Every structure is written in C-alpha cells, then in structure tokens.
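Remarks on the structure that follows.
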There are 2 protein chains.
Amino acid sequence: MNEPAAPNAPGRVGDVRRRNLSLVLDSIARTGDSKPSRAQLAAGTGLTKAAVSSLVADLVESGLVAEVGLYRDGERGRPGQGLELSSRRGVVGMEINVDYLSVGLVDLAGNLRFSASIESRNRGLAPDAVMARLAGLAAEARAAADAEGISIMGGGLAVPGLVDEQRGIVLSAPNLHWQYERLDPQALLDGAPLGVRLSNEANSAALGELWYGGGRPDFLYVSGEVGVGGGVVIGSELYTGPGGNAGELGHMVVHPDGPPCSCGGAGCLETFAGQEAIFQAAGIAEGSFKERTELLLRALDDGTPAASKAVDDAGRYLGVALASAARLMDVQAIVLGGHFAVLGQWLMPALAGSLERHAPGLLDPKNLTVSGLEHSGTLLGAAGQVIRSVIESPFEFLLAAKLA
Amino acid sequence: MNEPAAPNAPGRVGDVRRRNLSLVLDSIARTGDSKPSRAQLAAGTGLTKAAVSSLVADLVESGLVAEVGLYRDGERGRPGQGLELSSRRGVVGMEINVDYLSVGLVDLAGNLRFSASIESRNRGLAPDAVMARLAGLAAEARAAADAEGISIMGGGLAVPGLVDEQRGIVLSAPNLHWQYERLDPQALLDGAPLGVRLSNEANSAALGELWYGGGRPDFLYVSGEVGVGGGVVIGSELYTGPGGNAGELGHMVVHPDGPPCSCGGAGCLETFAGQEAIFQAAGIAEGSFKERTELLLRALDDGTPAASKAVDDAGRYLGVALASAARLMDVQAIVLGGHFAVLGQWLMPALAGSLERHAPGLLDPKNLTVSGLEHSGTLLGAAGQVIRSVIESPFEFLLAAKLA
DNA sequence: CCATATAGTTCAGATTGAAAACTAAATCCC
DNA sequence: GGGATTTAGTTTTCAATCTGAACTATATGG
C-alpha cells in the first residue's frame with residue numbers, strides 16, 4: 001500500500017519537510033486535549049514559527065488538522081489559534097476472535113466514535129463465511145461514519161494468529177482452525193485510501209495499550225487467550241523480531257521436564273497457563289468459553305481448592321516466564337490482558353511471588369498491572385496502527401489521498 | 001562526548017547532507033575490498049553523480065576516505081578513481097578481563113594492525129592499579145600507530161561487568177570484585193578526538209562478531225565467562241533494552257525449583273552452566289581458570305563421566321534458556337563465545353538436542369555456531385563501536401576533529 | 001584520428017528551514 | 001480611551017543542498 005522509506009535511501013531535500021510534517025503532527029497528537037497553537041508547537045519542536053506556520057498550513061489543507069478557535073495561554077498578548085487532530089477523519093478497527101466479531105470507528109485523535117460486536121462461533125468456520133459476517137459489521141461502521149461526517153482513511157483487522165501483513169495471509173490461527181488462509185481484508189472497506197491492514201491480535205492489543213492505555217514506552221503485554229501470546233513494546237514501538245514472530249511467550253520453557261505441548265516442544269508456559277490448561281486443572285470441562293469462564297470465576301469466589309490451585313499454578317509459571325523475559329530483554333513493566341486480566345485478582349499473588357522469587361528486585365510490583373482497556377484494546381490497536389502510520393508519514397497519506 | 005541526535009529534533013536542511021555523508025561512507029565501508037568509484041557509489045546509493053562527488057570531496061578532505069588510483073570496471077570509457085576507507089585512521093580497542101589485559105589497534109576498515117596482551121590477575125586488584133597496567137599497553141598501541149603513520153581517533157574499553165557508558169563508571173563487575181568504580185578511560189588515550197568509550201565485554205564481543213565475524217544481522221551472542229552473559233543483535237544493532245541491561249541470559253530461569261543463585265533468584269541458568277558450576281559439577285576445584293579449563297578439557301578428552309555429565313547438563317540447560325529466548329525474541333541464530341566456544345564440541349550435542357526438544361524446528365542447526373574470533377572479538381567490538389560511530393556520523397567526527 | 005563509452009564536474013533551478021523584520025490582536029496601565 | 005507591551009503569526013531574504021542537464025576528461029575500438 002504505502003512503501004516505507006528504505007533505510008538506505010538517499011536523503012533528499014524534501015525529506016526534511018516529510019520529517020517535520022510528522023514532527024508537528026505528532027506534536028499535536030501528543031499534546032492532546034490542550035490544543036496547541038503554532039507558537040507553542042514552534043517552542044516544543046524547536047522549529048521556527050515560520051516553519052511551523054508553513055507546515056500547519058499543509059496539514060490543515062489536507063484535512064488532518066483543524067483549527068478550533070482562539071485559545072488564551074498567558075494573560076497578555078494575542079491569543080493563538082488552537083490546533084487539534086481532525087475529528088472528521090477515522091479508521092475502522094476490526095477484530096475476529098474465537099467467539100465474537102467486532103468493529104470500532106476510531107477518529108484521528110483516538111476517540112472510539114462507534115462500536116459494535118456480535119457473537120459468532122468462528123472456530124472451524126470457513127474464512128469466507130467469517131469475512132462475510134464481518135463485512136456486515138464493517139458496513140455498520142461505514143454508515144456511522146457517514147452519519148457523523150467522518151471520512152474513513154483505512155482499517156485494521158486483528159486476528160488471533162500469525163499473519164503475513166504484506167500479503168494479507170493468515171499463516172496460522174490454531175484457535176480458529178485456520179491454516180494459510182488468504183483473506184481479502186481490502187474488500188471490507190472498499191475505496192479507503194489506505195486500505196486495510198491485517199495484524200496479530202496480541203500485537204494489536206499491546207499497541208492499543210501503548211497508544212490508548214497505560215502509555216509506557218517499554219512493557220511486555222501478556223495476552224491470555226486460548227493460547228498465551230505476548231507483545232513486546234520497546235521504545236514505544238512493537239518489537240516483532242527479525243521474522244515477525246517475537247513475543248511468543250506461551251512457548252517459553254518454564255519447566256525442563258514439563259509435559260509435551262501442542263507446538264511439539266515440552267514444558268511450555270501454555271501447558272500450565274493456557275485457558276484450556278487452567279480449565280482442565282480446575283476440573284471445568286464443558287461449555288463455551290464464556291460459560292466455562294463464568295464457572296471458573298464462581299469456583300474461585302467460592303474458594304474451590306482445585307480452581308485456586310489451577311490459577312496459582314498458572315500464576316507461578318507465568319512468573320517464571322516473565323522473570324526470564326525481564327532478564328533477557330530488560331523489560332521493566334508488564335501488562336496483563338485477555339484471560340489474565342479477567343483472572344487478575346486471583347492470579348496476581350502467585351505471579352508476583354514467583355517473580356520476586358526468581359528475579360528479586362528486578363521489577364517494581366507497581367509496574368505489574370492489568371490492562372484497563374478490556375476488549376476494546378485490540379480494536380483500538382488495530383485501528384491505531386493505521387492512525388500512527390498517518391501521523392508518522394503524513395506526506396505519504398497526502399499522496400495516497402490525492403490519488404484516490 | 002558527541003551528542004546523539006534527539007529522536008524528536010526538527011529536521012534541518014543540513015541534516016540531508018549529514019545523512020548522505022554517512023550513506024556514502026557506509027557504502028564505501030560495505031563495498032570493502034572492491035574500492036568503488038564515485039559513479040558506482042552514485043548507482044549504489046541512488047544519489048546523483050554530482051551529489052556523490054561533492055560528498056566524497058568532503059570525506060577525502062577529512063581524511064576518512066582515500067583515493068587509490070585508477071580502477072577499470074567495464075572495457076571502455078574513462079576509468080574511475082577507486083575509493084577506500086583510510087588506513088591512516090585508527091581506533092584502539094582495549095580489554096580488561098579477569099586474568100589478562102589486552103589492546104589492539106584497528107584501522108577504519110577493520111584491520112587489526114597491532115595487538116598485545118599481558119597476563120594480569122585482576123580479580124580483587126584496585127581499578128587504579130589495573131588502569132595503570134593497561135596504560136602501559138595503550139602506550140604501546142600509540143607507539144605502533146605512530147610507527148605506521150596511523151592517527152588515533154579514539155578508543156574503546158571493554159570490561160566484564162555492567163557499565164554506565166556516559167559517565168565512565170563500572171557499576172558492578174563481580175568477577176573483578178569491583179563495585180561502582182569510577183574509571184578514567186580518557187586518560188588512556190589522552191588527546192584522542194573521540195575519547196575512549198567504556199563498554200560491556202559481552203556486548204562488545206557480540207558487536208565484534210557482528211562487524212568482523214559471522215556478519216548476520218540478527219543473532220544472540222552467548223558469552224560463557226565466569227558468569228553467563230549475552231548480547232542481543234537485532235537488525236545489525238545491539239539491543240540493550242530500556243535500562244541498558246538486556247541480554248542477561250545467565251539469570252534466565254531454566255528450572256522453577258532450581259537452586260538459589262548469587263543474584264538472589266533461583267533456578268538461573270548460571271547455576272547450571274556458569275564456569276564455576278561446570279568446574280564444580282566436574283569435580284575440578286583447584287587452580288587458576290586456565291589450569292582448571294585445561295583439566296576440564298583433558299577430563300573430557302579422557303571421557304571422565306563427571307566431566308561429561310557436567311558439560312551435558314550445562315548444554316541441556318543452555319538449550320532451555322535459548323529455546324525460550326528464541327521464542328520470545330524470534331532470534332534465529334546463536335553464536336557461542338567465551339568458555340562455551342572452548343567447550344564447543346562437547347557442549348553442542350546436548351545443547352542442540354535440548355533446543356530441538358523444547359523448540360522443535362524453530363532454529364536451523366546450522367545457525368547454531370561457535371564464534372571464530374576468539375579473544376580478539378571483544379577487542380574488535382570495543383574498537384568497532386567507535387569506528388561505527390564515525391561511519392554513522394562522519395559530520396560529527398569532522399567537528400570533533402576540527403575542535404581538537 | 002574520430003566515434004563511443006564511461007567518469008567526473010559545473011551550473012542553474014527547486015525545495016526548504018533559519019533569521020529577522022513585520023503585521024495582527026490581545027491586555028495593561030495611565 | 002489610547003499608547004505601551006506582549007504574544008501570535010506572516011513575509012522576506014538568505015543559505016544549504018539536492019536534482020538534472022550540460023559539459024569536460026579520459027579511456028577503448030576500429
């Protein structure tokens with residue numbers, strides 16, 4: 001869709017403006033509610049007022065930034081024109097999960113302007129059937145955008161599995177029983193200038209947490225779904241590794257003599273802390289995920305020993321994996337999401353204890369938190385990736401928008 | 001010393017030239033022996049011939065690049081002027097280790113032009129005493145540089161411990177019994193325009209491997225010294241983590257019920273695969289490192305069961321840690337250095353087996369290798385950091401050189 | 001010796017930010 | 001109420017630096 005600048009591309013004179021457009025736009029995005037003036041942007045970025053004026057003019061003309069009336073900062077002097085990200089440009093976040101589909105309309109500033117979701121037993125369903133249902137939801141989002149006067153720039157689609165972003169292929173999504181499925185995400189938002197970006201669910205949730213949640217620059221996001229996934233955020237960027245598969249927390253080895261795992265290995269975290277493992281250890285075998293989760297929570301509330309032990313064990317082994325991860329990557333904050341967030345209060349004691357036992361003093365307990373975004377985190381992250389790409393490369397967006 | 005460009009600095013017109021100077025210089029460095037002409041550089045970088053001519057003129061004037069006579073590429077037409085990194089600019093790499101000190105003079109192209117080392121039982125010695133001995137070696141390197149007509153740009157000093165690069169402080173080097181020692185690395189090479197950069201031994205070894213060894217862009221370097229250290233190289237850059245302490249492979253947890261470790265944790269890799277742990281498990285208690293290593297190697301040669309088991313166990317647990325690391329960071333190649341390189345042939349079977357058991361198919365066995373640089377890897381890496389900083393920011397070097 | 005091919009230089013033109021002067025719009029204070 | 005002051009934003013001039021095209025330099029081939 002948009003070609004990223006090659007790292008070895010020659011510097012041209014025009015690159016300076018590309019960079020400064022992004023710098024100013026990002027500055028406006030970061031300042032958020034306080035709606036900076038051109039003069040404040042100049043002070044904040046180190047650019048001259050003249051340069052900022054010229055850059056802002058381009059951004060306003062493109063529709064990415066809007067002026068929002070006068071704004072008084074100090075007591076004297078001419079008041080500035082407040083600037084903010086346009087609320088008339090949006091991105092559609094979409095999520096396919098095991099038992100539901102959801103969409104959300106997110107504006108440039110990150111506000112969730114519309115959302116909808118439906119239950120859908122997707123496991124084992126053909127990708128085409130799932131995509132057809134999702135297309136219905138996407139149409140709702142487009143209608144909502146029309147109603148609110150929001151122009152849709154693009155979309156993000158998160159799926160619980162390994163994906164090839166470039167080619168729109170789901171390499172493997174074991175929980176959906178999908179294997180090497182070629183989707184057509186573009187069809188969901190026909191005509192959107194930036195298209196639809198396919199992404200991994202855990203990674204999107206991690207990015208949602210980064211941009212619209214806790215907001216730390218460095219943390220490890222742990223997503224306990226059917227599998228145990230993770231997203232590594234370093235320096236406010238997702239670390240995906242040389243092959244794009246980093247963050248596979250679920251298959252870190254937490255016991256050298258542990259049981260065999262579905263991945264072919266042995267002693268993986270997932271065999272101790274995956275949803276299935278916890279349900280099984282707690283003696284809860286029947287029903288949908290939702291039903292079993294409710295049974296488990298009730299059992300924990302009642303203090304049922306098997307349930308408590310199951311969650312304690314999961315927490316302890318999760319602690320082993322996180323201790324190793326913290327040592328290796330020097331990660332100093334951890335955010336729990338998905339199933340782990342739901343189990344938070346029961347999981348934490350064993351987890352914190354295990355971390356302290358294996359990596360004493362390495363991680364401040366107050367940096368071990370539960371995600372507050374719940375299900376919308378993935379949606380926000382999926383949409384956010386497109387929004388960030390615009391903020392980081394506004395020039396490229398202008399081109400894409402002009403061509404369309 | 002030289003201030004790195006802030007990530008949020010505004011782009012200025014002059015930045016374009018900074019970047020292109022680096023692009024051209026790096027291009028010359030990469031092309032290596034084949035001594036490219038200006039026209040070839042233009043084709044390779046995407047810059048115009050005019051721009052390359054102008055950039056090369058600056059680089060030649062600064063003494064970083066030299067013309068090396070005519071060079072014929074095709075059959076017809078005017079031959080080009082071959083260009084290469086100057087062999088008259090060098091950096092001194094220095095290393096403090098537990099039982100020796102060493103220095104090396106490395107020219108811009110990465111050739112080791114001179115090296116020397118002395119045995120020195122540094123454990124427990126005062127930093128001042130060690131630095132005084134090292135200064136003697138450094139003086140030899142300077143004399144060698146004078147004799148060869150090499151001008152010294154700066155130096156790199158690697159120590160086996162955690163360091164604060166900026167302030168020249170060794171935060172902790174347990175194997176030397178050093179704790180928060182303020183060194184004065186600058187004194188070793190008084191007057192060198194880029195000063196002396198302090199660095200961690202394992203990290204330097206990893207970088208040495210990157211620039212002058214295997215040359216993969218992504219790998220995990222495992223250094224088995226007294227402790228077990230590591231260096232994570234991703235996208236041809238060292239990953240140091242948000243706090244600068246990434247790569248602490250030795251304290252990854254490889255057994256949830258393992259013995260206590262000196263770090264206060266339990267079940268750490270180091271308690272199974274550290275030098276001391278191996279010596280102890282093999283029943284070798286007395287003597288210097290060198291002597292004990294020789295004893296161990298002889299015992300392995302003889303097939304002594306205790307020694308074989310000690311090394312097998314170390315390999316197996318190392319495999320557990322590396323399997324986890326590979327999952328988490330998606331690392332696809334591993335290079336063994338230090339003690340592990342010495343034990344290579346005895347360690348490999350158990351290590352490879354363990355990796356395959358815990359992360360089957362994840363890592364191609366041919367990507368599990370032993371470093372070929374031996375001891376000079378650390379030296380080359382320490383010097384290389386300064387050399388790379390010049391190649392990546394030639395403009396800043398020009399300024400620094402001009403001020404001196 | 002001249003056609004041709006390739007290397008490298010020179011020069012006009014375009015883009016862009018810095019610096020400084022200027023205009024615009026508010027408050028302060030008498 | 002009106003000038004002084006303060007702050008916001010624009011205009012103008014200038015310098016840096018790349019591109020592109022024309023030009024010069026130097027080789028081979030017939």
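Residue numbering restarts at 1 for every chain, and letters A, B, ... go by the order of the sequence lines. These figures come from a predicted structure and were not determined experimentally.
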*Establish whether the base of dA8(D) is bridged to the side chain of Arg78(A) by a donor-acceptor pair shorter than 3.5 Å.*
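It does, because a donor-acceptor pair links the side chain of Arg78(A) to the base of dA8(D) below 3.5 Å.
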*If you look only at pairs with a residue in residues 37-48 of chain A, which of them pass as a salt bridge (Lys or Arg N to Asp or Glu O under 4.0 Å), with sequence neighbours excluded?*
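Residue pairs passing salt bridge (Lys or Arg N to Asp or Glu O under 4.0 Å), neighbours aside: Arg38(A)-Glu67(A).
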*asked:* Between Ser87(B) and Arg113(B), do the side chains contain a donor N or O and an acceptor N or O under 3.5 Å apart?
replied: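 There is no such pair (donor and acceptor under 3.5 Å, judged by atom type) between the side chains of Arg113(B) and Ser87(B).
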Applying salt bridge (Lys or Arg N to Asp or Glu O under 4.0 Å), name anything that partners [X], two or more places apart in sequence or on another chain.
X: Arg142(A); result: none
X: Arg388(B); result: Asp26(B), Glu392(B)
X: Asp218(B); result: none

_Rounded interatomic separation in angstrom, taking CZ from Arg76(B) and P from dT28(D)_ =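 So the CZ-P distance, Arg76(B) to dT28(D), works out to 11 Å.
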_Whole-Å gap separating C1' (dT6(C)) and CG (Leu41(B))_ =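 Value for this atom pair: 15 Å.
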Restricting to nitrogen or oxygen on both sides, can you table the protein-nucleotides 17-23 of chain D pairs closer than 3.5 Å?
unit_1  : atom_1 : unit_2   : atom_2 : d
dC18(D) : OP1    : Asn20(B) : ND2    : 3.4
dC18(D) : OP2    : Arg17(B) : NH1    : 2.8
dT19(D) : OP1    : Arg12(A) : NE     : 3.2
dT19(D) : OP2    : Thr48(B) : N      : 3.4
dT19(D) : OP2    : Thr48(B) : OG1    : 3.1

*So what does Ser53(B) touch, heavy atoms closer than 4.0 Å: a base, only the sugar-phosphate, or nothing?*
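Base contact.
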*Considering residues at least two apart in sequence or located in another chain, which fulfil the side-chain contact (heavy atoms from CB on, under 4.5 Å) criterion with Tyr239(B)?*
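Tyr239(B) satisfies side-chain contact (heavy atoms from CB on, under 4.5 Å) with Ile234(A), Met329(A), Val232(B), Ile234(B), Pro242(B), Ala246(B), Met329(B) only.
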